[in-house]
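Model, not experiment: these values are computed from the prediction. Both ligands and their constituent atoms are indexed starting at 1 by order of listing.
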Amino acid sequence: MSMILKPSFAGSTVPPTDMDEMLDMLHHKIKSYLAKDGDVVESIPHSSLSKVADLKLPLEGRGLESLDKDIDEFLRYSVNTSKPGFMNPLWGGFNISAFVGEVIATLVNNSMYTFELSPFATLIEQALIKRMCEIVGFSDGNGTLTTGGSSGNMLGMMCARYKVDPLGQQRGFEGTKLVCFVSEESHYSVLMSANVLGIGFDNVIKVKCDSDGRMRPDKLNEEIERSRINGQIPFCVVATSGTTVKGAFDPLKEISNICSDQDIWLHVDAAWGGSCMFSSKHRALMDGVELADSVCWDAHKMMGVPLVCSAFLIKQPNVLRKICSHGNIAHYLFLDDAKAVDLGRISLQCGRRNDALKLFLAWREKGDAGWARLIESYMELANYMETCVLENKHLELMAPREWTNLCIRFTSPGIDHDVVNRSIRERIVASGKFMTSQSTISDNIILRPVIANPAVTELSIKSFLDEVVGTGMDIIRNIPPKD
Ligand SMILES: Cc1ncc(COP(=O)(O)O)c(C=O)c1O
């Protein structure tokens, strides 16, 4: 017997009463998840979780029966990134407007490639890109939302390659002569891009940094000269604004002068640090960004928009259009009349999710001033954490701080710092109360908490540091000193 659906649920094969129930259940689950007190994660090793998890894909569908239980199990074993103890990667927190945007974008399930299929979303993305270009200082710029800084860096390098070899896209590339330059603190996605683009890891030249972790312009000049003497073709410099570990900002003015003298494309990886541009107090960290050729900037990092949401911005939009000219071949999708408005012609993706709505709704809620306040409050919290670290004889700051990354370690005379700090992190993460990353600076293991989560407060920072010190003391009580 065919079921007559309520008009509001037309198109779904699920009976209206079940739909009602499911939507109510979803609403309830979201609310109770957000209201729940507790830890960041119920930590459980892979070997144990893979044993307890019910992951069977049934031959005969279970209908909606198992949805309730499956969601509960999923939420139970997921990391709760909106808890104040979450200071792990470069994002976190919960933003209600952006969350609503995410849900609504999924509800309409449009794809961003043509205006015809995503009319309003196209306008929204264009408005966002225009505003972000203005903030960077690309008055005639354009760009696209991408899956993240990794794709943004790849697009930047692709544009740079097009500039030195516009015919390569048709004829193919011979990568061994092209070289690009990055700081030794740059993100690994530059290597990934070199792999994808056929440049080769060996042709990504790591330029020495100063003691703060910023690319040294004098060393950049030397490396460019050396490569020319070796018969190589320098095609791109990727500067970083906000390095992953230390949060350092490369000196963009000096680097851009070198790039313009040498006629080399400058791409700025501002995936992490780009949001400083909202704040008049901190914008100077990116002085000179307007002189770059392209920039990537993640809204899914410090701006707290749910993953994924990232912008690639370019000063000469025509170059982006050229590297994406594969779109011209898709006659079944792109019609000539809509050439100027179809976003699929300036993207490497075909089907593409709408990442614009969530950023748009969050921006409408906060305004530029709200973003500035958010970034400034993060910097104040990072100052506070730095002061606490400097005042505690059992904590050591392992790198100067420019942004909201703190590179720290537990210290005590005679201990094996690496062993102790590694096990501090393991214990803290296993306790489920806090999450922080581990990294290495000059072969020393460090902990790298970051502030990028609006739930973090002075109190949670203090509890985190107390936990580090308390755990460290507990560990060293049980192991004999090194010497
Ligand atoms: C400096 C920097 N660039 C690029 C990326 C990659 O960004 P995404 O994860 O958005 O691809 C990261 C990620 O942490 C980063 O720290």
Side-chain angles (χ1 to χ4, degrees), residues 79 81 86-93 98 132 143-158 180-197 204 206-207 209 212-215 236-252 255 266-277 285-286 289 292 294-313 347-349 352-353 355 358-359 378 382 399 401-407 435-441 446 448-453:
V79 174
T81 58
F86 185 75
M87 303 180 208
N88 193 29
L90 309 176
W91 45 272
M132 291 173 99
T144 176
L145 293 186
T146 71
T147 56
S150 306
S151 327
N153 287 339
M154 189 176 78
L155 273 172
M157 286 167 68
M158 250 179 117
C180 80
F181 304 84
V182 295
S183 95
E184 52 189 359
E185 298 278 339
S186 64
H187 189 254
Y188 74 92
S189 55
V190 177
L191 289 177
M192 179 275 287
S193 308
N195 186 6
V196 175
L197 300 179
V204 176
K206 302 245 166 156
V207 179
C209 289
D212 291 352
R214 295 178 296 206
M215 186 194 281
C236 185
V237 173
V238 178
T240 313
S241 291
T243 58
T244 313
V245 176
K246 294 181 179 166
F249 286 72
D250 289 342
L252 298 181
I255 293 173
L266 172 58
H267 171 75
V268 177
D269 173 358
W272 172 221
S275 309
C276 78
M277 289 183 282
L285 289 167
M286 284 184 65
V289 64
S294 56
V295 174
C296 70
W297 171 6
D298 279 359
H300 66 220
K301 287 197 164 67
M302 201 171 253
M303 291 164 80
V305 174
L307 289 157
V308 298
C309 190
S310 174
F312 172 76
L313 309 167
S347 169
L348 292 184
Q349 290 174 251
R352 180 160 71 90
R353 24 174 307 130
D355 294 321
K358 55 191 170 184
L359 176 56
Y378 287 162
R401 188 182 72 77
E402 266 194 295
W403 195 223
T404 70
N405 311 41
L406 275 106
C407 298
M435 266 211 168
T436 188
S437 313
Q438 174 184 304
S439 189
T440 316
I441 292 184
I446 58 136
R448 189 221 52 180
V450 293
I451 314 288
N453 173 359

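One distance of note links OG1 of T147 with CE of M154; it measures 8.0 Å at 0.5 Å rounding. Interatomic distance, CZ of F249 versus OG1 of T240, reported as 10.0 Å (0.5 Å rounding). Here L348 contributes atom CG and T146 contributes atom OG1; the two are 9.5 Å apart, rounded to the nearest 0.5 Å. Rounding to the nearest 0.5 Å gives a distance of 10.0 Å between NZ of K301 and OG of S275.
Listed by number with element, the atoms of ligand 1 under 4.0 angstrom from any heavy atom of G148 are 10 (O), 11 (O). Near L90, with a cut-off below 4.0 Å to any heavy atom, the atoms of ligand 1 are 14 (O), 16 (O). Each of the atoms 1 (C), 2 (C), 15 (C), 16 (O) of ligand 1 lies under 4.0 Å from some heavy atom of T244. Listed by number with element, the atoms of ligand 1 under 4.0 angstrom from any heavy atom of K301 are 5 (C), 6 (C), 7 (O), 8 (P), 9 (O), 10 (O), 12 (C), 13 (C), 14 (O).
For the pair M87/N453, no side-chain contact is recorded, criterion being any heavy-atom separation below 4.5 Å from C-beta on.
Looking from atom 3 (N) of ligand 1 to the surrounding protein, the closest heavy atom is D269 OD2, 2.6 Å. The nearest protein atom to atom 11 (O) of ligand 1, hydrogens excluded, is given as S150 OG, 2.7 Å; this is a heavy-atom distance. Closest to atom 6 (C) of ligand 1, if we only count protein heavy atoms, is H187 CE1, 3.3 Å. For atom 10 (O) of ligand 1, the closest non-hydrogen atom of the protein is D298 OD2, 2.6 Å.
Between D250 and S183, the shortest heavy-atom distance links the atoms OD2-CB, 4.0 Å.
Where the criterion is an N or O separation shorter than 3.5 Å, residue side chain and backbone included, W272 fails it with respect to ligand 1. Note: an N/O pair closer than 3.5 Å links H300 and ligand 1 by distance alone.
For G242, the closest heavy-atom approach to ligand 1 falls below 4.0 Å.
Side-chain N or O atoms of E184 include none that pairs as donor or acceptor with a backbone N or O of K206 at under 3.5 Å.
Aromatic ring pairs are classed by plane angle as parallel below 30°, tilted from 30° to 60° and perpendicular above 60°; the pair W272 and W403 is perpendicular.
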